[in-house]
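One structure is given here, and the rest of the page talks about it.
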Amino acid sequence: MDHEHAHVSTTRTLRIPTTDGQADAFAAFPEDGERHPGVLLYQDAFGLRPVLEEMACELAGHGYYVLVPNLYYRHGPAPVVELPEYIGEEVRPAVFARLMPLIQAHTTERALRDADAYLRFLTARPEVSPGPVAVIGYCMGGPLAIRTAAAHPDQVGAVAGFHPSPLVSDAADSPHCLFPKLTAQLHLGLAEGDMTAESIGELNRILGEAGIGDTAEIYPGTIHGFTMADTEAFNASAMRRHWDRLLPLLDRSLGKG
């Protein structure tokens with residue numbers, strides 16, 4: 001990674017007005033008093049916690065304003081479910097048992113209403129420069145990023161999903177049905193077990209037909225969750241690859257030059 005132009009970044013805790021209340025969130029951005037392109041970052045299933053703040057700060061250091069909302073805000077401020085510092089194999093089932101009702105309550109309809117509110121808030125921030133924004137998501141955040149980009153083609157210039165939750169299904173609102181609506185530049189970084197060969201074939205066919213190009217990549221030697229340093233899924237070389245793909249995508253599509 002190129003840290004030559006790294007900025008010192010700062011984080012703030014914020015509240016985002018939504019149609020259903022207020023979402024707590026944090027933002028990371030350079031401390032240089034300038035305006036920077038906006039990035040909306042969707043959490044993985046575990047929710048807001050220090051590892052996401054570190055990732056947001058890392059991204060802010062490259063000259064972006066990064067907004068990370070608590071997707072579970074309807075159930076209370078983060079952390080909605082208390083998490084251990086390290087989410088190892090032995091605690092994962094118990095943690096997921098508590099998270100499942102929150103994940104299931106986050107319907108597509110709610111996600112799209114929230115996306116409107118998050119983008120409205122992000123683009124109105126005095127620290128955010130005018131122009132397109134990026135939406136990136138991890139795990140359950142991957143499909144949400146796709147939905148947001150498809151619903152706001154005039155605002156979203158880049159979309160990325162890493163070890164995304166299923167993108168191809170028989171559901172009427174399956175995320176893969178939205179690819180033809182995307183105008184944003186796209187990167188999908190998949191773990192080896194994330195999708196069947198059949199689903200990846202279907203995904204690449206749809207991306208090709210939509211003229212989006214070959215943007216779904218399987219990161220070698222990975223399991224689902226490979227970007228998250230506080231879990232046993234973490235893979236340091238895949239995390240580097242994630243930055244190597246994400247930073248040029250943002251640079252190209254947000255006109256940072």
Side-chain angles (χ1 to χ4, degrees), residues 1 39-45 52 55-56 58-59 64 66 68 71 103 108 111-112 115 132-153 155-171 173-228 231 233-254:
M1 280 177 63
V39 177
L40 173 59
L41 190 159
Y42 283 127
Q43 64 180 55
D44 61 348
L52 284 183
M55 286 166 75
E58 175 82 42
L59 192 47
Y64 297 98
V66 187
V68 190
L71 301 184
I103 296 166
T108 297
L112 288 172
V133 300
V135 186
I136 59 180
Y138 299 85
C139 171
M140 69 180 276
L144 298 179
I146 304 282
R147 293 192 193 287
T148 301
H152 298 272
Q155 280 187 297
V156 179
V159 61
F162 297 95
H163 45 85
S165 300
L167 297 172
V168 179
S169 76
D170 296 333
D173 69 344
S174 172
H176 79 280
C177 301
L178 299 171
F179 285 123
K181 295 184 178 166
L182 287 184
T183 56
Q185 296 193 43
L186 172 73
H187 174 73
L188 296 172
L190 307 171
E192 284 190 342
D194 272 347
M195 295 175 80
T196 63
E198 189 184 20
S199 288
I200 288 173
E202 174 73 354
L203 185 64
N204 281 327
R205 184 184 65 75
I206 292 160
L207 290 173
E209 281 177 11
I212 295 172
D214 187 14
T215 51
E217 180 182 1
I218 297 169
Y219 286 28
T222 55
I223 59 172
H224 186 76
F226 60 76
T227 60
M228 296 298 161
T231 74
F234 182 65
N235 179 310
S237 66
M239 185 58 164
R240 279 194 299 277
R241 181 185 294 246
H242 146 281
W243 289 119
D244 289 344
R245 298 291 185 272
L246 180 59
L247 293 169
L249 172 76
L250 299 182
D251 218 18
R252 279 197 311 274
S253 47
L254 302 190

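Just so we're clear, the structure is a prediction, and the values are computed from it rather than from any experiment.
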Inset, instruction - Hey, could you give me the CD/CG distance between Glu202 and Leu167, rounded to the nearest 0.5 Å? - result: 12.0 Å

Legend entry - Mutual orientation of the aromatic rings belonging to Tyr138 and Phe162 [parallel < 30°, tilted 30-60°, perpendicular > 60°]: parallel

Inset, instruction - Quick one: closest heavy-atom pair of Ala158 and Ser253, and the distance? - result: CB-OG, 3.0 Å

Legend entry - Polar side-chain atom of Ser174 near backbone of Cys177 as donor-acceptor pair, under 3.5 Å: no

Inset, instruction - With rounding to the nearest 0.5 Å, note down the distance linking CE in Met55 to CD1 in Ile136. - result: 7.0 Å

Pairs of donor and acceptor atoms involving the side chains of residues 179-191, under 3.5 Å and at least two apart or interchain, shall be tabulated with distances.
from	atom 1	to	atom 2	distance (Å)
Thr183	OG1	Pro153	O	2.9
Gln185	OE1	Arg252	NE	3.1
His187	NE2	Tyr219	OH	2.8

Legend entry - Any side-chain donor near an acceptor of the partner, Asp194 and His224, under 3.5 Å: yes

Legend entry - Side chain proximity check, Trp243 to Leu59, heavy atoms < 4.5 angstrom: yes

Legend entry - Counterpart residues, salt bridge (charged side-chain N to carboxylate O under 4.0 Å, His left out), relative to Glu198 (two or more places apart): none

Legend entry - From CA spacing to verdict: side chain to side chain contact (heavy atoms under 4.5 Å, CB included), Val133, His152: CA-CA 10 Å; Val133 300; His152 298 272; over 6 Å; no

Legend entry - Check: Met195 and Val168 side chains under 4.5 Å, non-hydrogen atoms: yes

Legend entry - Nearest-0.5 Å distance, CD of residue Gln43 to CE of residue Met228: 9.5 Å

Inset, instruction - Provide the closest heavy-atom pair for Leu249 versus Ala160 in the form atom of the first, atom of the second, distance. - result: CD2-CB, 4.0 Å

Inset, instruction - Look only at the side chain of Glu192 and the backbone of Gly221, and say whether a donor-acceptor pair between them is shorter than 3.5 Å. - result: yes

Legend entry - Nearest-0.5 Å distance, CG of residue Asp44 to OG1 of residue Thr227: 7.0 Å

Legend entry - Separation of Asn235 CG from Arg241 CZ (nearest 0.5 Å): 9.5 Å

Legend entry - Rounded distance (nearest 0.5 Å) linking atom CG of Asp244 with atom CE of Met239: 11.0 Å

Legend entry - Beyond-backbone contact of Asn204 with Leu207, side-chain heavy atoms, under 4.5 angstrom: yes

Legend entry - Closest heavy-atom pair and its distance - Ala45, Ile103: CB-CD1, 3.8 Å

Without placing hydrogens or testing angles, list every side-chain donor-acceptor pair under 3.5 Å for residues 141-148, not counting sequence neighbours.
from	atom 1	to	atom 2	distance (Å)
Arg147	NH1	Asp173	O	2.8
Arg147	NH2	Asp173	O	3.0
Thr148	OG1	Tyr42	OH	2.8
Thr148	OG1	Leu144	O	2.8

Inset, instruction - Identify the heavy atoms of Thr231 and Gly225 that sit nearest to each other, and give their distance. - result: OG1-O, 3.9 Å

